[in-house]
Protein chains: 2
Amino acid sequence: MATPPPDGSVRAAGIREVARRAGVSIATVSRVFNARSTVQPGTRDRVLEEARAVGYSPSPLGRNLVRGRSDLLGVILPNTGFPLYGAVLRGIEDTIQTSGMSVLLASSRDDAEVEIRAVQHLLRHAVDGCIVVNSRAGSGLPSERVYVHIAPEDPAAPHRVELDNVRGGELAAAELLAGGARCPAYVGAPGRESAERERGFVTRMAAAGRQVYHVPGDYSEDSGLRAGMALPAEVDAVFVAGDLMAAGVLRALHQQGRRVPTDVTVVGFDDSLIAPLLYPRLSSVRQPAHDLGVAAGRLALSVIAGTAGPDVVITPELVRRESSIRVPSPRPP
Amino acid sequence: MATPPPDGSVRAAGIREVARRAGVSIATVSRVFNARSTVQPGTRDRVLEEARAVGYSPSPLGRNLVRGRSDLLGVILPNTGFPLYGAVLRGIEDTIQTSGMSVLLASSRDDAEVEIRAVQHLLRHAVDGCIVVNSRAGSGLPSERVYVHIAPEDPAAPHRVELDNVRGGELAAAELLAGGARCPAYVGAPGRESAERERGFVTRMAAAGRQVYHVPGDYSEDSGLRAGMALPAEVDAVFVAGDLMAAGVLRALHQQGRRVPTDVTVVGFDDSLIAPLLYPRLSSVRQPAHDLGVAAGRLALSVIAGTAGPDVVITPELVRRESSIRVPSPRPP
DNA sequence: TTGTATGCGTTATCAC
DNA sequence: GTGATAACGCATACAA
């Protein structure tokens, strides 16, 4: 048959090769693969047949160049290694890969400057859109493309997916009150999320006539340990803004000989995978990271398609474990 | 609304615009940005000046098309959400982003078929190379591009980065023996890694005249719980192939009223972030996931550059905590 | 319905 | 050292 070009065997077959074999123009081949306009069924089948024969499918590279967009979705995480973000990432990936898209990854390191640079980098790669987790730059991002924000600091950022943190705080308050809390404390952290959790917690506690001690932290276990040590002696119930920090609080209480949940009840936040492993098992307000990722992926897909769906607010639930169940026991004098 | 056509005002300046303003040809502009051949300092400065003025830098899209490769590195993880893999991912990212590359993500779900499809997908995007974690397909991957394997099942896979699992088993054995182990058990899992850990463990134990009970598991906490329950009464030391599974073992021992480390000493594997949170704090053979990622990133970079470095074997260390130190427990369960 | 021709933004190969 | 110009693989306006 036709003499193949010297390097023909190695090089992946292109649109030209398929067109030649099917006896049509490359435009027709392109049309077949871009189900936009109509192609005569016979021609179409012939093209598909030959394409399959040579293992052809349109190269993303050429396609990207001419369309000015890729089938890539940029995802910007504060820290790629943090388990919670890993779960979000997986939710995103699970969702978008069914529509043939892929994730291009970047990190922001909780720094607005770095975040913006990362976004610019992704934009240069013509990502169809970006999902930004815990954005610091918020609406200050280059505006040429689609964004979906998961729990951004900026309350004005568009296309949001987030947890109802206020509600989370209320749930924690209700749980601790049910456990007989008389003197509650909140171990918080910087940022909007913690502030909202605290608001819900304090409001609900105030409604029950309780005032809340505020103890600062930074989500780290160590800061939880310090916070736990600094807890006033009269505190008998603690709501902690994050599970890892709660691990520190539990340890501090332990070291002080204060029994959980007998003397002090504790509720964490996130319901991360460490919660059921702690001693005692930690009750926690569940932050469904995977669901957040799924919702963000869906929203991104719809915004990219032009059918902008509404923002998503996920309602948290409380996962009750040992740390908040005040077992009846002889009270020490 | 449908995707808006790129409006002229926002459109990024291209190589032509820069060439025009600098009064040179586009070839010269290209040369300036590809520090390959030489350009007269004066011309060079003028080009750089104008490029900065219009905010130009070469578009990855055009560049990818003509070079047949991107500045993307494919990373294939069994499961994006698993913390250990998250740490690996971060190590990779930290390393390659300093050379301007980005991570294109994919999942294999521990399935050779899925893994191969993922690789093909990445290949079509012209990734410069792939890092595959815990590959099931091994050397059966399409061979047209660079691969770096982190802990592949296939012992024949090229460009490997992995932990010395045998050594890890030896370390665990030594630790348990130092704690007075007389009757040790190993809680394992399917796969090459666990088998190697067991080999090191058994060998070292045999040298000390100890025989090892084998109990099967699958890395899950639940399987650890079951394994812990199935442990023969005479066992006084347990080495568990993974920390999460070790959490299950600890809980089972707890429930049986067997005190750790007083009655039974325990050593886990991975030294994941849950190890220091368990009760008692778990001694564990450290698997430096971040370091593995860094090493893989470096190796990938070098292989892509053509200077294939040697394979990397990382030597594990034992992190000693409470669970392996046989002393009277301060606080009974 | 189909083919022709142009352009996407860049690099690389030639000449000069 | 520098400038034309031909690819790269594809989508699409326009013509037929």
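Keep in mind the model is a prediction, meaning the values are calculated, not measured. Numbered from 1 within each chain, the chains take letters A, B, ... in sequence-line order.
The phosphate of dT2(C) (OP1 or OP2) has no side-chain N or O of T28(A) nearer than 4.0 angstrom. Distances shown here put a side-chain N or O of R63(B) below 4.0 Å from the OP1 or OP2 atom of dT11(C). Taking side-chain N and O atoms only, R16(B) has a distance below 4.0 Å to OP1 or OP2 of dC8(C). For S30(A) and dA11(D), the shortest distance from a side-chain N or O to OP1 or OP2 is below 4.0 Å. Regarding contacts with the backbone of dC8(C), every side-chain N or O of S59(B) stays at 4.0 angstrom or more from both OP1 and OP2.
Atom CG of L65(B) is separated from atom P of dA12(C) by 12 Å (rounded to the nearest Å). Atom CG of D71(A) and atom P of dA11(D) are 12 Å apart (whole Å). I15(B) has its CD1 atom 12 Å from the C1' atom of dA12(C), to the nearest Å. dG9(C) atom P lies 16 Å from atom NE2 of H125(A), rounded to whole Å. Distance CZ (F33(A)) to P (dG9(D)): 16 Å, rounded to an integer number of Å. Look at CZ on R31(B): it is 14 Å from P on dC14(C), rounded to the nearest Å. Nucleotide dT11(C) holds its C1' atom 13 Å from the CZ atom of R69(B), rounded to whole Å. L61(B) places its CG atom 19 Å from the P atom of dG7(C), with the value rounded to the nearest Å.
H121(B) and S102(A) are linked by a side-chain donor-acceptor pair at a separation below 3.5 angstrom, with hydrogens and angles left out of the test. Using a 3.5 Å distance cut-off with no hydrogens or angles, the side chains of R124(B) and S57(A) do pair a donor with an acceptor. For the residue pair D94(A) and H290(A), a side-chain donor N or O sits within less than 3.5 Å of a side-chain acceptor on the partner.
Heavy atoms of V24(A) sit under 4.0 angstrom from primed sugar atoms or phosphate atoms, though from no base atom.
The base of dG1(D) has none of its N or O atoms less than 3.5 Å from a complementary donor or acceptor on the side chain of R44(B).
Residues A27(B) and G62(B) each lie close to DNA chain C; by heavy-atom proximity, the contact nearer the 5' end of the strand is made by G62(B). Residues G23(B) and R67(B) each lie close to DNA chain D; by heavy-atom proximity, the contact nearer the 5' end of the strand is made by G23(B). Each of I26(A) and P41(A) lies near DNA chain C, and the nucleotide nearest P41(A) is the one positioned closer to the 5' end. Both V66(B) and Q40(B) sit near DNA chain D, but only Q40(B) has its closest nucleotide nearer the 5' end.
Under the 4.0 Å criterion applied to side-chain N and carboxylate O atoms, E93(A) and R90(A) are not assigned as salt-bridge partners.
Residues Y219(A) and E193(A) come closest through the heavy atom pair OH-CB, 4.3 Å.
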